[in-house]
Amino acid sequence: MHGTEPPGGSTADSMGHRAIGLVRRFGARHLDDLAVDAAGEFPHHLRETMAELGLFGLSLPEAYGGSGLSLGEVCETLSVLAEHDRAVATTVGLHLGLGTRGTVAFGAPALCEELLPRFASGEAIAAFSATEAGAGSNLRAIETTAVPVEGGFRVTGSKIFVTNGGLCDVITALVSTPGAGGSRQGQSLIAIDRAAPGVSVGREEKKLGLRGSSTTPVHFDDVFVPSHRVVGQAGGGIEQVDHVLAWGRTVMAAGCVGSARAALALARAHTEHRRQFGGPLIKLAVVRAQMAELMSDVFMMESVVAWATSAPDSATLARRSLSAKIICSDTNWKTCDAAIQLHGGMGYLEETRLPLLLRDARITRIFEGANDVLRVRVGMAEVAAPARRAPLPAGVPGQIRAAFSKVEKGLHGHVRLRKDALGARLLARQELLHQIGHAAAVVDAAYACAVASAASPRAAALADLWLMKASDDVIATLRTHRPQEAINAVIGDDEAFA
Amino acid sequence: MSPTELNDKVYDILSELTTVARAELRPEFTLSGDLGMDSVSAMEMLGMLDEALGVQLDIEDTFSVKTVQQVLDLVQTRVSHARH
């Protein structure tokens, strides 16, 4: 497997910085997200321009015609793209993340030679398919199977919710390959040409949001795929998918940052200019408090993505990407909703962009791992082995150190109490793991804010405000208790409900 | 509970957690390769065993069991210790 990228972030003269500038100009000049949303499809007339700008090769190795940007630089670039058009950013983000990452990280040289130059140039668009009708959160239940035949495999099955399905040229699919690589329950990643006989793409889904992003079912009817198209190790599918998903979730979190920035910019402009009760809205105490919270939320999201992309290895990225995805998608929704509220009735009108931002944000709490499922995963990880965070750097103000220490100790103390009381039984208590997982993700975000607070007095002020919210959130979450009897009294016990 | 009943309970839980039918389970199966379990499902298994069998399992046991036989041995050992 290729190594992880160096810590993210672009400098003034770096490729990443240039990419951000290009995307900013491209977005301002060419992207009209309301028009894309109204058309209900990807703006095909812009594909060539995007390819010339190198958008489809940002993360791909320079040796294959890409820009070789780090994960951090890709995230910064895509967050700018998402400020302009979330659907277009999703198309590019999926291509660079789930669509191509498997080949980049695990592909044999021959496969890389065959596919990566086409991906980097934009000649071929990548898609990724894992979800099936009977396998959403539990990917181990997939039924699409690749049976070995002479020279390759025959693939049969159906995938749903394939982003880029209607646009793509190559689909990397998670398939069941029992026995492959010595694994009885093996799963593998396999790169399938959309044009291969037996592949059919269903109709575009009509969605709440991201209408300019293609989402389709894809069917494989006895499709022959040559052996060299297996990505990485046969049977190594789920582990490889975890790596690919870690990238994908982090890139998605960066998209959430862009969307939240757009919502904040609109809210700021409105509250500074709209006059009510004798002055601009921003003079009103309640509005000031809400705007300050919005600003600190965006600061937190930026800090969390930077923290995630600075992970020194794949395992750490995998862990950090979970928290980044949970926190950024939840907060993206809240920032869009808050911006609508601050606009009053105008916020409900499509022409303001705000309803579009909200609609586009909704799916991020669901795809690439539904947040509630991820919370339970984070909770399990925290219970099994509490996250070890490096000491805060010099320059972090004492007040922020103290605030972070308080939330972290609160979480650790709670987990210790639960473990002492329940032992391994805690691992079967999904509702408790969910609470712990949520609190752990908030503590991760608090840590990211604390680290970022050292940059400037303004950063410190934003972190300080967010840490107050983090403290309230962690305390409230861990104190919440709903007895099973109370739940059963409303919904009935397990057997009755079934 | 007799050792046979304990083993049956372990197999029931493993079958419930994985896509492998109860009758197909074998002691030599690996949790990861043969049963398709990852670290999350291994921890779920431990929690379910602890709750169903009333044994005192440790969360750290997640890291020591790699095969069905090791799970059976762990449960038998812990139940035996609990009796004495």
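Note that the coordinates shown come from a computational prediction; the quantities given were computed from them, not determined experimentally.
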(request) Report, as yes or no, whether the 6.0 Å neighbourhood of atom NZ on A:K419 holds more than 12 heavy atoms from other residues, nucleotides or ligands. (result) yes

(request) Hey, could you give me the CG/CE distance between A:L427 and B:M48, rounded to the nearest 0.5 Å? (result) 12.0 Å

(request) Could you tell me which of B:T30, B:L57, B:L49 has the largest number of non-hydrogen atom pairs under 4.5 Å with chain A? (result) B:L57

(message) Nearest 0.5 angstrom please: A:M380 CE to B:E44 CD, how far?
(response) 4.5 Å

(request) Inspect the surroundings of CD in B:E60 and state if more than 12 heavy atoms from other residues, nucleotides or ligands are less than 6.0 Å away. (result) yes

(request) For atom CZ of B:R22, decide whether the heavy atoms of other residues, nucleotides or ligands shown that lie under 6.0 angstrom number more than 12. (result) yes

(request) Go through the atoms of A:V383 and report whether side chain, backbone, both or neither lie under 4.5 Å from a heavy atom of chain B. (result) both

(message) For B:Y11, is the OH atom crowded, meaning more than 12 foreign heavy atoms sit under 6.0 Å from it?
(response) yes

(request) Against chain A, label B:M37 side chain, backbone, both or neither, depending on which of its atoms sit under 4.5 Å from a heavy atom there. (result) backbone

(message) Can you list everything that forms a side chain to side chain contact (heavy atoms under 4.5 Å, CB included) with A:S321? Sequence neighbours excluded, please.
(response) A:A246, A:R249, A:T250

